[in-house]
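Inspection log for the structure reproduced underneath, given as structure tokens.
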Amino acid sequence: MERGEPLELRAPRGTSDIFSRQAGLRRYLEETAVELFERYGYHPITTPIFERTELFTRSIGESTDIVQKEMYTFRDKSGRSLTLRPEGTAPVVRAFLEHKLISQPLPIKLYYSGPMFRYERPQAGRSREFWQVGVEAIGSMDPTIDAETVSLMMHYLETLGLRDLGLLLNSMGCSGCRPSFVEVLKAYLEEHRANLCIDCKRRVQLNPLRIFDCKKEKCQGLLKEAPLITDYLCADCKAHFAEVQSLLMSVGVEFKLEPSLVRGFDYYTKTAFEVRSPHLGAQNALGGGGRYDGLIEEFGGPPTPAIGFALGVERVIMALHCEGIDLPGDSALDVFLAVVGKESKPEGFKLLDRLRKLGIAADMNYGDRSLKAQMKLADRMGALYTLFVGSEELWRGMCKIRDMKSGEQVEVAFEKIPQWFKKQIGSRKGKE
RNA sequence: GUGGCCUUAGUGUAGUGGUUAACAUAAGGGACUGUGGAUCCUUUGAGGCGGGUUCGAAUCCCGUAGGCCACCCCA
């Protein structure tokens, strides 16, 4: 291999390495999600990181920003157009159809966790590779599942300890009532076109619902008078939405109705929701979701209602940080083995092996270090106990064990050490 | 994709044209050759990258990369 320019040792733009405390924190969030989602009857699914490009263009919508400018699309060696997944719903729905999961008892409830990719200009809380956990419940139009999905999302965030959350709720109507609303809205906007900002003028025809997101004052003023989707819902959508609200209230989930909430995918119908944190600046959405009753049919399947949500893991972590919530990050070490004198190391190594095979987290010093330095290391590693192995111990057949919290030391016969630890650590963990 | 701000040891900062780039902290070693968290000593380690101006650049200029903030949009 030739040596040319030195390697640029930097992760690609908008990506980052996750290790140490961040990695532990992320794993904790994931484990918490797994435990809770399974308690709600969800099952894991893992889908590929990339899919055929059309899967996303067809589901998310040709006119959306994600499809227009944010997808990582490439051709493989046989010329297929593939795309790194920008979101998790379309792949799950694809898998649902491919494996004929419709023959399972419905609704089928699936959860996932994994990286998503969007080519955007990076900022805090917005990177090109980011992690989402999400759920999809496919096959039921019961408003109970809407309420359950929303409440699961909130339950999860509250389980982590988040308190400052704002839940926004809306109904986007269905294929029956939304188109007529969009026409009414377009008509209204055309009438006041002169008063819209430049961006919004462009949106009127392209995606009029998006105008509700505009932050410009003159647009906002106009929108106060604009027709609202909730006033144009058909009887079915109206009843469904009312039922969802009442079910949410019955389990104590607080929400704010937000008739201007429009999510960035074309496939949403009826219930749409989003949870925000006030601490995160412009990237304030921790997660969101909604019903997508038309998507499965759009993919060529039988008409099948479905609903889901996704949470941005990095944003959840940011929100936790902003609220000053401390969560377990690093895994604790039970035992640190301090070796005194080179000749004791082989015995120490064997002892360590026995501890680890009993399920005790144990580590030792490598290389030569003074006992003092080893103690320092044990402290830094957060070990519960330090076990001393040296010529004196080997000679007497007894080892000193130091409780690092209290500083108390006991002596235990060599062959009883593994069991002694097993007992101590078992009871200690039981108490906590 | 648009506009703005920023980039100095692992981390957090100082220095704003002039001899060895400072401080704190972390890391290694020691004072304490068999006992941690304190203290003291000591060692290692840095101006994103590429050009230019200048006798001389971390400092000024241009470019580029990355980060951040606001848009756009979303998790």
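All of these numbers come straight from a predicted model, not from anything done at the bench. Within every chain, numbering begins at 1; the chains are lettered A, B, ... in the order of the sequence lines, protein sequences first and strands thereafter.
- For A:Arg315, whose side chain is taken as the heavy atoms from C-beta onward, the closest listed nucleotide among B:G29, B:C74, B:A70 is B:C74.
- Side-chain proximity of A:Arg118 to B:G34, B:G36, B:A75: nearest is B:A75.
- Taking the O4'-C1'-N9-C4 or O4'-C1'-N1-C2 dihedral as appropriate, B:G28 has a value more than 90° from 0 and is therefore anti.
- If you check distances only, the side chain of A:Glu70 never reaches the base of B:G1 with a donor-acceptor pair under 3.5 Å.
- For A:Gln374 and B:G36, the shortest distance from a side-chain N or O to OP1 or OP2 is not below 4.0 Å.
- Of the residues in residues 364-372 of chain A, A:Arg369, A:Ser370, A:Leu371, A:Lys372 come within less than 4.0 Å of RNA chain B through at least one heavy atom, sorted by number.
- A:Gln123 places its CD atom 15 Å from the P atom of B:U2, with the value rounded to the nearest Å.
- Ring centroid separation for the pair A:Trp420 and A:Phe414 does not come in under the 6.0 Å cut-off.
- Under 4.0 angstrom from either OP1 or OP2 of B:A70 there lies no side-chain N or O belonging to A:Arg121.
- Aromatic ring pairs are classed by plane angle as parallel below 30°, tilted from 30° to 60° and perpendicular above 60°; the pair A:Phe181 and A:Tyr232 is tilted.
- Comparing B:G36, B:A65, B:C71 by their nearest atom to the side chain of A:Ala282 picks out B:C71.
- B:A75 has its base stacked against the ring of A:Phe130, the centroids being under 5.5 angstrom apart at an interplanar angle below 30°.
- The environment of NZ in A:Lys416 is sparse: at most 12 heavy-atom neighbours from other residues, nucleotides or ligands sit within 6.0 Å.
- Around atom OH of A:Tyr40, more than 12 heavy atoms belonging to other residues, nucleotides or ligands sit under 6.0 Å away.
- Applying the Watson-Crick and G-U wobble criteria (two distances, each under 3.5 Å), B:G66 pairs with B:C6.
- Base pairing analysis places B:G1 opposite B:C71; the two distances defining the Watson-Crick or G-U wobble pair are each below 3.5 Å.
- Between the side chain of A:Arg380 and the base of B:G36, no donor-acceptor pair under 3.5 Å is found.
- Taking every side-chain heavy atom of A:Asp65 into account, B:C73 is the closest of B:A65, B:C73, B:A75.
- Listed nucleotides: B:C73, B:U35, B:G36. Nearest to the side chain of A:Gln283: B:C73.
- Base pairing annotation: B:C23 forms a Watson-Crick or G-U wobble pair with B:G12, both donor-acceptor distances under 3.5 Å.
- Toward the 5′ end of RNA chain B lies the nearest nucleotide of A:Leu280, the other residue of the pair A:Leu280 and A:Asn284 mapping further downstream.
- Under the 4.0 Å criterion applied to side-chain N and carboxylate O atoms, A:Arg291 and A:Asp146 are assigned as salt-bridge partners.
- In this structure, CE of A:Met318 is placed 13 Å from C1' of B:G67, rounded to the nearest angstrom.
- Each of A:Pro122 and A:Arg126 lies near RNA chain B, and the nucleotide nearest A:Pro122 is the one positioned closer to the 5' end.
- The environment of NE2 in A:His279 is crowded: more than 12 heavy-atom neighbours from other residues, nucleotides or ligands sit within 6.0 Å.
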